[in-house]
Asks: 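Have a look at this one.
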Amino acid sequence: MELSKNYIPANTEDKWYKHWLEKNYFISNPDERPSYTVVIPPPNVTGVLHMGHTLNETVQDILIRKARMSGFNTCWVPGSDHASIATEAKVVDMLKHEKGIDKNNLSREEFLKYAFEWKEKYGNIIYSQIAKLGCSVDWSRTTFTMDDHYYKAVIKVFIDLYNKGLIYRGARMINWDPAAKTALSDEEVEHKDVTGKLYYIKYEIASSNGSPNAPGALNHIVIATQRPETIMGDTAVCANPGDERYAYLNGQSVLVPLINKAVPVIFDDYVDKDFGTGILKITPAHDINDYNIGLKHNLPVVDTLNSDGTMSEAAQIYVGEERFAVRKKIVEELREKGLLVKEEEYTTRIGYSQRTNVVVEPKISTQWFLRMKEFAQPALKEVTSGNISIHPGDKFNATYKYWLENVKDWCISRQLWWGQQIPAWYDEEGKFVVAENEAEAQKLFNDQYSIVNTRLKQDEDVFDTWFSAWLWPIEVFNGITSPGNADIKYYYPTSVLVTGQDIIFFWVARMIMAGMEYMGEKPFSDVYFTGMVRDKMGRKMSKQLGNSPDLLELIKEYGADAVRFGIMISSPAGNDLLFDESSLEQGKHFNNKLWNALKLIKMWAAKTGQDDNGHSLEETSRANTKSGTTTGSFAIAWFQNRLNEVQLEVEKLIKEFRLSEGLKTIYSLIWDDYCSWLLEWIKPEYGKSVSKEVYDAAVYFFEEILQILHPYMPFITEEIYHQLKDRDDDLIVKQFEETPLPNEEMLQLGSKLKDIITSIRDARNKNNIKPKETLRLYIETTEVSSYDSLQQILSKQINAESIKFNTTPADGAITIVVGKEKLFIETNIEIDLKSQKEKLLKDLDYLKGFLNTVDKKLSNDKFVQNAKPEVIELERKKKSDAQEKITMIEQSLLAIN
RNA sequence: GGGAGCAUAGCUCAGUUGGUUUAGAGCAUCUGCCUUACAAGCAGAGGGUCCGCGGUUCGAACCCGUGUGCUCCCACCA
């Protein structure tokens, strides 16, 4: 079949993915081989995959494919996360805008029906994207965090932890999201720097107890606040007890402006005398500090906000209006009434809901909490002991440690419908039990409260999505719902977790906790953190900026392999990566390079007559004959060693999770060593053909480099593997064999050959000698025999009509020094020696400078005394080498003049 | 306020116990090539005060201190 001019990904990608599926290569079952297991960080079913996912999935697929080709029983579990709040927000939004439905008018069941439809739709899009990218996941194990068994697992764990006394229910100050109308955990709040205003407001002194004002005292005080809309919730004002300016207020009250409510003046060390006016309004319902001071001083709590962020009845004024609108109105009213003393610009950090991006309100609310201290110790030890390795560790070990040492209780309840409903049952008086179902609950009511057959109502709330996600590496193998089953025993602990550094606390730390609690063992051995994908200007990808490309579009334009290449070539572990489509372009070019190498080899196959009839060839390439030995054999022997060198290096790099460097190494092996050197070296002259031996070697090496590249670029490698030969086996499962150490001498000989060729080509360029112009090469060397195997290649690559050793040419030849050898190039055309003289002078300059630094070292007594002998030996050698070269160049210069 | 990380070519980055040269790669740039696999290519070249300063050392891009500039995480000062 005729090969297309360029590689066309669309022709191969779906075909091979389908083939791999049909052959069940992705499916894993426990057997006697060692397992290599990865659980996918389940994408949220909130939408489609973005570039961050692309990077993550690619990394995982590379690791999995590499392991699959290295003798492991690989299992990559795909799935998705219901993402409670994030998805619910999306569904609510969709209902409102697309169907004109208000969530408040739906029953829980009706809403969940829509939510499941949403999940079905987006879950499937996500899965198809994962497939398009080539990910070799075991689809038979696809798990969703609200699957029946998974749902049960979450409930079971909650009940278990409750019975262990690790879960409690109570009123605490929590973060409230007024848009989603739910509590949030501390980790779901993002703090951003915001320039706001500090308003200085007058509070009249009420003088309620009739005591006279102190001398010089005013009839009002001034208090600074950023949130004037909260003043109606004030239940005291507070000064530092050591602050003499306010001592006179002891026992007095002040009036809250606008509503003229009298509140006491109290004193507490918490107040900083030097900030603002040194006096603080206390609003226990809406600030965590105020709440704590309130507790200490027994202050009442006046909650002036409704759950949706509007003012409540308790606020007395502006009831039902939105909080930020009210802020403006209150400032205006204060100004009109002369109660606003001044405003100043002020930068502060404000908490935003990670999911709805609205300003979070501190609010007192009854929620479920999980005690975390008990979990922190074992989870910390796994990492500090090195039992779990984090990559890159220098960056994250400290962060991990800090969080665990300062961990706070986890608010696990959410006022949402999308998620696992909390299995707590309440009677009409508010007594409750925790039970799997209502029947069980009735029984417990009987046992605990001696109440029989009362009307029970299940808790309306659901769990934080992370309260299900933390069980992921266990329950994808049903480890909670059927402990000790064959899968969990075989696959747990998993090998590596690949995820974003932004969820180290949300998820990574908590999975380790759950693993220790429920399996008594870590959930994974390594954690590989990828950085954030930004655009090439370093900005975060976002819909608003329009800089977040569509994965399927990219695959359509460049092909999945090129997308994988592009994202991997620029992604050092743990650092943010700047995504630039030009790297995908590079990937596309790389595909094409491979494709063209294939075309070349197919052409040879046709010429050698090996394609159909298996004829051996009659003619051999010029590079292939020399006195009975095949010198194609040098090219072949050299490449074999170079290949071994790269194989070992890539092996090491992947083991260290330095995937980007691994790809660069492979890229260079293929483009430079295989295509630019090897294929050119063994390429026959026009009209001639290659020997069977050389042809076979070229094919064999092609297969080898395809194998190394396969984990990174699975589609094109599989395609070419099959284009090279008709075969029944597939590259995806081709096993790597043990790699022998490369022969250093051979590698050096190859480098020497390359250097000579490059130097001569440079000289051709500089002296304007056309490639077609033949030249006569003279080599001054002490190692003539080393050229035995190089000569044929050399003369072909530089188009030499003759090569002579240790014979001096006539005047007018170009002189080049390569290593410790002197080359003379003689041609039939007139040469202007100026440029080569310049080159020699430049080389001379460099060498003299270099010699100088070496000399300085060697003439330093301290160096000679202290340095290691081998270092000194090396310096001596550098010195003599440099001297030798200098002499050679000086002689050459003399000859020119 | 506390902590972490980073700063090397125009850009993105390597540089793994301090000594293989006066520091490397890819991309970009420049020069020459429509050479029969590949112009999405080939051949070649140029390009750096390793952020500043000080120190340790025979020797520093690398270790220490300090300054500057970025980035991120954590934290309850209105």
Side-chain angles (χ1 to χ4, degrees), chain A residues 3 5-7 173 186 191 198 223-227 238 270-272 274-283 287-292 346 348-349 362 392 394-399 402-403 406 501-502 504-505 532 536 538 569-570 572 574-578 580 582-583 585-586 588-604 652 656 658 660-661 664-665 667-668 675-676 679-680 683 686-687 757-758 761-766 768 770-772 846-847 849-854 856-857 860-868 870-872 874-875 877-878 881-882:
Chain A
L3 292 172
K5 182 171 187 296
N6 292 323
Y7 174 64
M173 182 152 272
D186 292 343
H191 295 273
L198 201 53
I223 297 181
T225 179
Q226 291 181 68
R227 300 171 48 193
C238 186
Y270 169 78
V271 179
D272 179 352
D274 300 322
F275 190 89
T277 59
I279 191 157
L280 177 65
K281 71 191 203 62
I282 305 297
T283 320
D287 185 284
I288 180 70
N289 305 302
D290 293 12
Y291 177 69
N292 290 333
Y346 185 69
T348 187
R349 286 181 75 76
D394 49 348
K395 224 168 168 176
F396 297 110
N397 281 331
T399 320
Y402 182 85
W403 188 76
N406 297 280
Q501 49 192 265
D502 50 331
I504 182 168
F505 307 134
M532 192 189 290
K536 64 176 167 185
I569 201 77
S570 48
N575 286 344
D576 286 357
L577 86 91
L578 306 186
D580 185 349
S582 70
S583 65
E585 193 84 24
Q586 197 189 340
K588 200 169 147 187
H589 295 178
F590 187 38
N591 276 329
N592 219 38
K593 189 70 182 173
L594 287 159
W595 192 248
N596 277 302
L598 170 68
K599 274 160 60 186
L600 177 67
I601 287 182
K602 294 297 273 185
M603 228 173 76
W604 290 350
K652 182 167 164 273
E656 293 168 359
R658 298 162 71 173
S660 169
E661 285 165 69
K664 280 175 189 166
T665 308
Y667 178 79
S668 165
C675 293
S676 293
L679 291 184
E680 293 299 332
K683 189 189 251 179
Y686 181 64
I757 292 171
T758 301
R761 282 172 175 169
D762 181 30
R764 268 184 184 277
N765 252 334
K766 291 234 160 70
N768 213 2
K770 296 266 182 293
K772 279 181 182 154
Y846 174 90
L847 282 167
F850 174 61
L851 181 64
N852 198 20
T853 62
V854 177
K856 243 167 56 194
K857 268 191 204 174
N860 183 335
D861 287 344
K862 286 182 180 165
F863 171 73
V864 179
Q865 282 160 23
N866 295 317
K868 280 180 274 182
E870 58 265 33
V871 174
I872 296 171
L874 191 70
E875 292 299 318
K877 187 163 183 314
K878 281 192 214 166
D881 284 0

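Every chain is numbered from 1 and lettered A, B, ... according to where its sequence line falls, protein lines coming before strand lines. Values reported hereafter were calculated over all heavy atoms of this structure, with side chains retained and with hydrogens, waters and symmetry mates removed.
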Asks: Once you apply a heavy-atom cut-off of 4.0 Å, does A:Asp580 come out as touching a base, just sugar-phosphate, or nothing?
Replies: nothing
Asks: side-chain contact (heavy atoms from CB on, under 4.5 Å) between A:Phe863 and A:Val871: does it pass, once the steps are laid out?
Replies: CA-CA 10 Å; A:Phe863 171 73; A:Val871 174; 4.0 Å; yes
Asks: Roughly how many Å apart are B:rC58 and B:rG65, using the C1' atom of each and rounding to a whole number?
Replies: 22 Å
Asks: Hey, is the side chain of A:Glu680 pairing donor to acceptor with the base of B:rA37 inside 3.5 Å?
Replies: yes
Asks: When the P atoms of B:rG15 and B:rA9 are compared, how many Å lie between them, rounded to an integer?
Replies: 15 Å
Asks: When we call it a touch if two heavy atoms are under 4.0 Å apart, what does A:Tyr346 touch: a base, just sugar-phosphate, or nothing?
Replies: sugar-phosphate
Asks: Output yes when at least one side-chain N/O atom of A:Arg349 is less than 4.0 Å from OP1 or OP2 of B:rG2, else no.
Replies: no
Asks: If we call it a pair only when both distances are under 3.5 Å in a Watson-Crick or G-U wobble match, what pairs with B:rC63?
Replies: B:rG55
Asks: Students often get this wrong, so: under 4.0 angstrom with heavy atoms, is A:Asp272 touching a base, only sugar-phosphate, or nothing?
Replies: base
Asks: Minimum heavy-atom separation for A:Met532 to A:Asp576, with atom names?
Replies: N-OD1, 2.9 Å
Asks: Using the C1' atom as the point on both nucleotides, what is the distance between B:rA14 and B:rC62, in whole Å?
Replies: 14 Å
Asks: For B:rU17, which nucleotide in any strand shown is its Watson-Crick or wobble partner with both distances under 3.5 Å?
Replies: none
Asks: At under 4.0 Å between heavy atoms, what does A:Thr225 touch on the DNA or RNA strands: base, sugar-phosphate, or nothing?
Replies: sugar-phosphate
Asks: Hey, does A:Lys5 reach any base, or is it just sugar-phosphate, or nothing, if we go heavy atoms under 4.0 Å?
Replies: sugar-phosphate
Asks: Return whichever of A:Asp861 or A:Val854 has its heavy-atom-nearest nucleotide of RNA chain B closer to the 5' end.
Replies: A:Val854
Asks: Ignoring hydrogens and angles, does a donor from either the side chain of A:Lys593 or the base of B:rC38 sit under 3.5 Å from an acceptor on the other?
Replies: yes
Asks: Using purine N1 to pyrimidine N3 plus N6-O4 or O6-N4 for Watson-Crick, or N1-O2 and O6-N3 for G-U wobble, both under 3.5 Å, which nucleotide pairs with B:rA39?
Replies: none
Asks: Under 4.0 Å between any heavy atoms, over every strand shown, what does A:Asp762 touch: base, sugar-phosphate, or nothing? Just pick one.
Replies: sugar-phosphate
Asks: Tell me what A:Thr277 touches on the nucleic acid: a base, only sugar-phosphate, or nothing, going by heavy atoms under 4.0 Å.
Replies: nothing
Asks: B:rC74 phosphate, OP1 or OP2: any side-chain N/O from A:His191 under 4.0 angstrom?
Replies: no
Asks: Would you mind telling me which residue lines up with the more 5' stretch of RNA chain B, A:Asn596 or A:Ile223, judged by nearest nucleotide?
Replies: A:Asn596
Asks: Apply side-chain contact (heavy atoms from CB on, under 4.5 Å) to residues A:Ile504 and A:Trp403 and explain how you reach the verdict.
Replies: CA-CA 10 Å; A:Ile504 182 168; A:Trp403 188 76; over 6 Å; no
Asks: What's the gap between B:rU12 and B:rG48 when it is taken at their C1' atoms, as a whole Å value?
Replies: 15 Å
Asks: Looking at B:rA78, I'd like to know if its phosphate oxygens (OP1 or OP2) sit under 4.0 Å from a side-chain N or O belonging to A:Thr348.
Replies: yes
Asks: How many whole angstroms separate atom NE2 of A:His589 from atom C1' of B:rC27?
Replies: 11 Å
Asks: Could you tell me how far apart A:Asn406 (CG) and B:rC73 (P) are, to the nearest whole angstrom?
Replies: 17 Å
Asks: Does A:Tyr667 have a side-chain nitrogen or oxygen under 4.0 Å from the phosphate oxygens OP1 or OP2 of B:rC27?
Replies: yes
Asks: Using atom P in both nucleotides, what's the gap between B:rG41 and B:rG26 to the nearest angstrom?
Replies: 14 Å
Asks: Walk me through whether A:Leu3 and A:Trp595 qualify under side-chain contact (heavy atoms from CB on, under 4.5 Å).
Replies: CA-CA 9 Å; A:Leu3 292 172; A:Trp595 192 248; 3.8 Å; yes
Asks: Side-chain N or O of A:Lys878 versus OP1/OP2 of B:rU20: is the shortest distance under 4.0 Å?
Replies: yes
Asks: Hey, does A:Phe275 reach any base, or is it just sugar-phosphate, or nothing, if we go heavy atoms under 4.0 Å?
Replies: base
Asks: Touch check for A:Ser668, heavy atoms < 4.0 angstrom, all strands: base, sugar-phosphate only, or nothing?
Replies: nothing
Asks: Could you check which nucleotide pairs with B:rG44 in any of the strands shown, counting Watson-Crick or G-U wobble with both distances under 3.5 Å?
Replies: B:rC30
Asks: Touch check for A:Ser583, heavy atoms < 4.0 angstrom, all strands: base, sugar-phosphate only, or nothing?
Replies: nothing
Asks: Would you say a side-chain N or O of A:Gln865 is under 4.0 Å from OP1 or OP2 of B:rC58?
Replies: no
Asks: Is there side-chain contact between A:Leu679 and A:Trp604, with heavy atoms separated by less than 4.5 Å?
Replies: yes
Asks: Taking the same atom, P, in B:rC30 and in B:rG46, what whole-Å distance lies between them?
Replies: 16 Å
Asks: For B:rA23, which nucleotide in any strand shown is its Watson-Crick or wobble partner with both distances under 3.5 Å?
Replies: none
Asks: So A:Asn592 and A:Asn596, side-chain contact (heavy atoms from CB on, under 4.5 Å) or not? Walk me through it.
Replies: CA-CA 6 Å; A:Asn592 219 38; A:Asn596 277 302; 3.7 Å; yes
Asks: I want to verify a distance call: between B:rU16, B:rC76, B:rA43, whose nearest atom is closest to the A:Arg658 side chain?
Replies: B:rU16
Asks: Does A:Glu680 come within less than 4.0 Å of A:Lys683, counting only side-chain N to carboxylate O?
Replies: yes
Asks: Give one of base, sugar-phosphate or nothing for A:Val271, where a contact means two heavy atoms less than 4.0 Å apart.
Replies: base
Asks: What does A:Leu578 touch in the nucleic acid at a heavy-atom separation under 4.0 angstrom: a base, only the sugar-phosphate, or nothing?
Replies: sugar-phosphate
Asks: Which whole-number value in Å describes the distance from A:Leu280 CG to B:rA78 P?
Replies: 10 Å
Asks: Could you tell me how far B:rA23 sits from B:rG10 if I compare only their P atoms? Round to whole Å.
Replies: 15 Å
Asks: Compare every heavy atom of A:Thr283 with every heavy atom of A:Lys281, then report the nearest pair and how far apart it is.
Replies: NZ-OG1, 2.9 Å
Asks: When you check the phosphate oxygens OP1 and OP2 of B:rC13, does a side-chain N or O of A:Ser570 lie under 4.0 Å from one of them?
Replies: no
Asks: Atom CG of residue position A:Asn866 - does it have more than 12 heavy atoms of other residues, nucleotides or ligands inside 6.0 Å?
Replies: yes
Asks: Should A:Asn592 be listed as having a side-chain N or O under 4.0 Å from OP1 or OP2 of B:rA40?
Replies: no
Asks: Distance between the P atoms of B:rG24 and B:rC50, in whole angstroms?
Replies: 14 Å
Asks: Please tell me if A:Lys868 has a side-chain N or O lying less than 4.0 Å from either OP1 or OP2 of B:rG19.
Replies: no
Asks: Calculate the interatomic distance between A:Glu870 atom CD and B:rG19 atom P; express it in whole Å.
Replies: 12 Å
Asks: Any side-chain N or O of A:Lys877 less than 4.0 Å from the OP1 or OP2 oxygen of B:rG19?
Replies: no
Asks: Tell which nucleotide pairs with B:rG5, taking only Watson-Crick or G-U wobble pairs whose two distances are both under 3.5 angstrom.
Replies: B:rC70
Asks: The side chain of A:Glu656 is closest to which nucleotide in this list: B:rA37, B:rC58, B:rU16?
Replies: B:rU16
